[in-house]
A.B. asks: 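Before we start, here is the structure in question, set down as structure tokens.
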Amino acid sequence: MEANGLGPQGFPELKNDTFLRAAWGEDTDYTPVWCMRQAGRYLPEFRETRAAQDFFSTCRSPEACCELTLQPLRRFPLDAAIIFSDILVIPQALGMEVTMVPGKGPSFPEPLREEQDLERLRDPAAVVSELAYVFQAITLTRHRLAGRVPLIGFAGAPWTLMTYMIEGGSSSTMAQAKRWLYQRPKASHQLLRILTDALVPYLVGQVVAGAQALQLFESHAGHLGPLLFSKFALPYIRDVAKRVKARLQEAGLAPVPMIIFAKDGHFALEELAQAGYEVVGLDWTVAPQKARERVGKNVTLQGNLDPCALYAPEEEIGRLVRQMLDDFGPQRYIANLGHGLYPDMDPEHVGTFVDAVHRYSRVLRQN
């Protein structure tokens, strides 16, 4: 580190690296904690900042993304920040129109219907220049964080992005996207390769811009069984990690820990633990001790309190956190929820969750 307290790229020196140490599998003094969707609508200040703006306009404003990323850290002693953005900026950068419909979620007016629709997609190499606004948000946020905690960058995994691009929005069955897997396996692989080719430079670009860890969200893993998952999701999840790491090395950049979070993908835990990621995120449907037995000792686990547990009284939240920490054990573990925070959650209860993790994990280490 340089004498002025600035790191190699002129970023402020990191004061709390507990999250990064846990991600790399090093021992920590306490269990680090952050929350998926910690920058979100459960915070009144988030709703005020976002009130007048279209969702994707917010995503395209580095200043707004920075402000929204920092809001939860002003309230809670979280051990990491995650940049405010969206996984669907990738399909947008590939030339697809996406709007955010209030009360309904993302909508693609012209989803992919036929194989020839793939020709409409831009060259994945163009994605990096299209998404410069994300990189600017990361750099700005990294400076404004002033080294308080590390900054996490993220992206959606290829299969999850594919589901939105074909379904045209959310779906309870993913029947259209899965129809492609069964009827058009070749075109499906072509699309998944395009997405992988877009994701790799995008994630590397986030690290160049200042991201200190990366999380890949395979949010729709649960719609696939083991066979489809091992054919259409896992190879691309592996490829992303391998290629991002190789690119960082080629560019002479230090490696960053990578997290894979495959929601409802418990049938593939062993495979995910060997997919090239330092951290495997778990949703709340997985028993921590069983997960640890299955993945072995060489990866860090992240998770996995049921988000709805935050509706419980505060003493009960404390009890559930203690149980969770007992089950995961003190090391190679990052506390989190098993999915994101919901808009109607009480910020006080989020604070209770974070404090309970810090307090009880220190007690655990003394015993």
A.B. asks: Donor-acceptor pairs under 3.5 Å, side chain of residues 103-112 to any protein atom, not counting sequence neighbours: which ones?
C.D. replies:
none

A.B. asks: Under 3.5 Å, side chain of Thr18 to main-chain N/O of Pro32, donor-acceptor pair present?
C.D. replies: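 Judged by distance alone, no pair lies under 3.5 Å.
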A.B. asks: Are the side chain of Asn336 and the backbone N or O of Met36 linked by a donor-acceptor pair below 3.5 Å?
C.D. replies: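 Checked: pair present.
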A.B. asks: Report, as yes or no, whether the 6.0 Å neighbourhood of atom CD on Glu348 holds more than 12 heavy atoms from other residues, nucleotides or ligands.
C.D. replies: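 No, not enclosed.
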A.B. asks: Identify the heavy atoms of Asn304 and Val286 that sit nearest to each other, and give their distance.
C.D. replies: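 Taking every non-hydrogen atom into account, ND2-O, 2.8 Å.
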A.B. asks: Check the pair Leu78, Val149 against side-chain contact (heavy atoms from CB on, under 4.5 Å), reporting the backbone distance first and the verdict last.
C.D. replies: CA-CA 8 Å; Leu78 295 152; Val149 293; over 6 Å; no
A.B. asks: Got Leu94 and Glu130 here, is their nearest side-chain heavy-atom distance under 4.5 Å?
C.D. replies: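 Sidechains of Glu130 and Leu94: no contact.
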A.B. asks: Using the ring pair (Phe, Tyr, Trp, His ring centres under 6.0 Å) definition, which of the options Phe154, Tyr164, Trp159 pairs with Phe217?
C.D. replies: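 That would be Phe154.
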A.B. asks: Would one find more than 12 heavy atoms of other residues, nucleotides or ligands at under 6.0 Å from atom NZ of Lys231?
C.D. replies: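 Not buried by this count: 12 neighbours or fewer within 6.0 Å.
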A.B. asks: Decide whether Val128 and Leu199 are clustered together by the hydrophobic rule: side chain heavy atoms of Ile, Leu, Val, Met, Phe, Trp, Tyr closer than 4.5 Å, transitively.
C.D. replies: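 Val128 clusters together with Leu199.
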A.B. asks: If you count heavy atoms of other groups shown closer than 6.0 angstrom to CG of Asn298, is the number above 12?
C.D. replies: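 Result for CG/Asn298: open.
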A.B. asks: Say whether, by atom type as modelled, one donor and one acceptor occur between the side chain of Glu278 and the main chain of Gly25 under 3.5 angstrom.
C.D. replies: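 No; judged by distance alone, with no hydrogens or angles, the pair does not exist.
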A.B. asks: Any ion pair linking Arg359 and Asp355 (charged N to carboxylate O, less than 4.0 Å)?
C.D. replies: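 Not counted as a salt bridge, because no side-chain N and carboxylate O are separated by less than 4.0 Å.
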A.B. asks: If the plane angle is over 60° it's perpendicular, under 30° parallel, otherwise tilted; pick one for Tyr236 and His189.
C.D. replies: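 Correct class here is tilted.
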A.B. asks: Step through the shown structure and confirm whether more than 12 heavy atoms of other residues, nucleotides or ligands are within 6.0 Å of CD on Gln249.
C.D. replies: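 Open: at most 12 neighbouring heavy atoms sit under 6.0 Å from CD of Gln249.
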A.B. asks: Count the heavy atoms of every other residue, nucleotide or ligand shown that sit under 6.0 Å from CZ of Arg179, and state whether that count exceeds 12.
C.D. replies: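 No - once you tally the heavy atoms of other residues, nucleotides and ligands closer than 6.0 Å, there are 12 at most.
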A.B. asks: If you define the side chain from C-beta out and look only at heavy atoms, does anything of Leu145 sit under 4.5 Å from Pro12?
C.D. replies: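 Of all side-chain heavy-atom pairs linking Pro12 with Leu145, none is under 4.5 Å.
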A.B. asks: Measuring only between side-chain heavy atoms, which start at C-beta, is Leu195 closer than 4.5 Å to Met165?
C.D. replies: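 They are in contact (side-chain heavy atoms under 4.5 Å apart), so the answer is yes.
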A.B. asks: State whether the side chain of Asp86 and the backbone N or O of Cys59 hold a donor-acceptor pair below 3.5 Å, judged by distance alone.
C.D. replies: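 No; zero donor-acceptor contacts below 3.5 Å.
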A.B. asks: Okay, side chain of Thr163, backbone of Ala177: is any donor-acceptor separation there less than 3.5 Å?
C.D. replies: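 The answer is no, because no donor-acceptor pair under 3.5 Å joins these two groups.
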A.B. asks: Under a 4.0 Å threshold between the charged nitrogen and the carboxylate oxygen, would Arg144 count as salt-bridged to Glu63?
C.D. replies: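 Salt bridge: yes.
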A.B. asks: Could you check whether any side-chain heavy atom of Leu310 comes within less than 4.5 Å of a side-chain heavy atom of Leu341, counting everything from C-beta outward?
C.D. replies: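 Contact flag for Leu310/Leu341 side chains = yes.
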A.B. asks: Using the rule that two of Ile, Leu, Val, Met, Phe, Trp, Tyr join whenever any of their side-chain heavy atoms come within less than 4.5 Å, decide whether Val279 and Val295 are in one cluster.
C.D. replies: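 Result: yes, single cluster for both.
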A.B. asks: When you compare the side chain of Val299 with that of Tyr277, does any pair of heavy atoms fall below 4.5 Å?
C.D. replies: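 No, side chains not in contact.
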A.B. asks: Is the shortest distance from a Lys or Arg side-chain nitrogen in Glu293 or Lys290 to a carboxylate oxygen in the other one below 4.0 Å?
C.D. replies: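 Salt bridge: no.
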A.B. asks: Is a side-chain donor-acceptor pair under 3.5 Å present for Gln71 with Glu67?
C.D. replies: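 Note: Glu67 and Gln71 side chains meet the donor-acceptor criterion.
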A.B. asks: Grab the two heavy atoms, one from Pro288 and one from Phe328, that are nearest each other, plus how far apart they are.
C.D. replies: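 Heavy atoms of Pro288 and Phe328 come nearest at CG-CE1, 3.5 Å.
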A.B. asks: Just by modelled atom types, is the Lys297 backbone N or O under 3.5 Å from a matching donor or acceptor in the Arg332 side chain?
C.D. replies: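 A pair under 3.5 Å: yes.
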A.B. asks: For residues Ala80 and Leu73, report the shortest heavy-atom separation together with the two atoms involved.
C.D. replies: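 Here Ala80 and Leu73 meet closest at O-CD2, 4.0 Å.
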A.B. asks: Does Arg47 have more than 12 heavy atoms from other residues, nucleotides or ligands lying within 6.0 Å of its CZ?
C.D. replies: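 Enclosed: over 12 neighbouring heavy atoms sit under 6.0 Å from CZ of Arg47.
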A.B. asks: Would you say Met258 ends up clustered with Trp24 if hydrophobic residues are merged whenever their side chains have heavy atoms under 4.5 Å apart, either directly or through other cluster members?
C.D. replies: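 No, because Trp24 and Met258 fall into different hydrophobic clusters, even though each may have its own neighbours under 4.5 Å.
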A.B. asks: Using only atom types and a distance under 3.5 Å, with no angle test, would you say the side chain of Arg365 pairs donor to acceptor with the backbone of Pro330?
C.D. replies: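 Yes; at least one donor-acceptor contact below 3.5 Å.
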A.B. asks: Quick one, Met174 and Ile166 - any side-chain contact, counting heavy atoms below 4.5 Å?
C.D. replies: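 A side-chain contact under 4.5 Å is absent here.
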A.B. asks: Going by heavy atoms in the side chains, are Asp306 and Leu320 under 4.5 Å from each other?
C.D. replies: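 Asp306 does not reach Leu320 side chain to side chain.
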A.B. asks: Is there a continuous path of hydrophobic side-chain contacts, each under 4.5 Å between heavy atoms, that joins Phe46 to Phe76?
C.D. replies: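 Yes, one cluster joins them.
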A.B. asks: Check whether Ser129 reaches the backbone of Ala126 with its side chain - one donor and one acceptor, N or O, closer than 3.5 Å.
C.D. replies: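 Yes.
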A.B. asks: Classify the ring geometry between His339 and Phe261 as parallel (under 30°), tilted (30 to 60°) or perpendicular (over 60°).
C.D. replies: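 Plane angle under 30°, so parallel.
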A.B. asks: Kindly indicate whether the side chain of Val134, heavy atoms from C-beta on, has any atom under 4.5 Å from the side chain of Tyr202.
C.D. replies: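 A side-chain contact under 4.5 Å exists here.
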